[in-house]
Amino acid sequence: MATSKTVKKNPLAASLVTPDAALAAIVGSKPLARTEITKKLWDYIKANKLQDKRLILASKDAKLSAVLGKKDLDMMKLAGEISKHVTK
């Protein structure tokens with residue numbers, strides 16, 4: 001007898017948030033899911049070579065430093081910084 005797996009959906013991932021002006025300069029201004037904002041931000045970081053191992057080099061890019069501050073940031077803290085720049 002086969003069993004089916006139940007996948008729980010994360011309601012926070014599906015809810016749309018609006019980026020502020022600083023974040024919108026990178027990901028666009030339309031409402032997006034947090035997961036989509038994170039994906040677009042990572043695409044921007046990789047396209048502009050703003051990563052050194054686990055460190056995001058925000059100090060080397062004006063748009064990114066507007067979001068993350070003038071400091072470089074550990075990649076594990078990116079989600080916390082994004083949450084400061086979105087509204088429901």
Side-chain angles (χ1 to χ4, degrees):
M1 178 168 88
T3 60
S4 63
K5 293 183 180 180
T6 304
V7 178
K8 292 183 181 181
K9 293 187 178 185
N10 184 350
L12 293 177
S15 64
L16 300 180
V17 294
T18 305
D20 68 1
L23 186 56
I26 298 174
V27 301
S29 59
K30 68 178 184 174
L32 298 165
R34 289 177 188 266
T35 53
E36 195 63 28
I37 290 174
T38 303
K39 181 183 179 309
K40 287 185 176 205
L41 197 53
W42 271 113
D43 290 344
Y44 180 83
I45 290 167
K46 290 177 182 178
N48 292 290
K49 298 180 172 125
L50 298 170
Q51 182 182 7
D52 181 28
K53 296 183 183 176
R54 293 180 51 101
L55 196 61
I56 298 170
L57 306 173
S59 60
K60 293 187 175 190
D61 184 78
K63 288 181 184 178
L64 194 57
S65 67
V67 175
L68 303 180
K70 299 273 183 201
K71 62 190 181 309
D72 295 337
L73 183 72
D74 183 271
M75 63 188 264
M76 300 306 287
K77 297 181 181 179
L78 183 62
E81 292 298 318
I82 291 172
S83 67
K84 297 176 185 177
H85 294 276
V86 296
T87 57
K88 289 184 180 186

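From a predicted model like this one, the values you see are computed outputs, not experimental measurements.
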Which side chain to side chain donor-acceptor pair (under 3.5 Å) pairs, counting each pair once, include a residue from [range], with sequence neighbours left out?
range	value
residues 54-69	Y44-D61, S59-D72
residues 18-30	D20-H85
residues 74-83	E81-K84

Could you grab the distance from atom [atom1] of [X] to atom [atom2] of [Y], nearest 0.5 Å is fine?
X	Y	atom1	atom2	result
I56	K71	CD1	NZ	10.5 Å
L41	I45	CG	CD1	4.5 Å
L68	L73	CG	CG	5.5 Å
K88	L16	NZ	CG	11.5 Å

Tell me every residue that passes side-chain contact (heavy atoms from CB on, under 4.5 Å) with A66, counting only those two or more places apart in sequence or in another chain.
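Counting only residues at least two positions away or on another chain, A66 forms a side-chain contact (heavy atoms from CB on, under 4.5 Å) with A22.
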Sequence neighbours excluded, the answer for side-chain contact (heavy atoms from CB on, under 4.5 Å) partners of K46 is W42, Q51
- How would you list, by chain and number, every residue that makes a side-chain hydrogen bond (donor to acceptor under 3.5 Å, both in side chains) with D43, sequence neighbours excluded?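 D43: side-chain hydrogen bond (donor to acceptor under 3.5 Å, both in side chains) contacts with K39.
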Check: Using a side-chain heavy atom cutoff under 4.5 Å and only I, L, V, M, F, W and Y, what cluster partners does L55 have?
Finding: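 Reading the cluster by chain and number, L55 sits alongside L57.
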Q) Going through the checks in order, is the side chain to side chain contact (heavy atoms under 4.5 Å, CB included) test met by I82 and V67? A) CA-CA 8 Å; I82 291 172; V67 175; 5.5 Å; no
Residues P19 and V27: closest non-hydrogen pair is CG-CG2, 4.0 Å
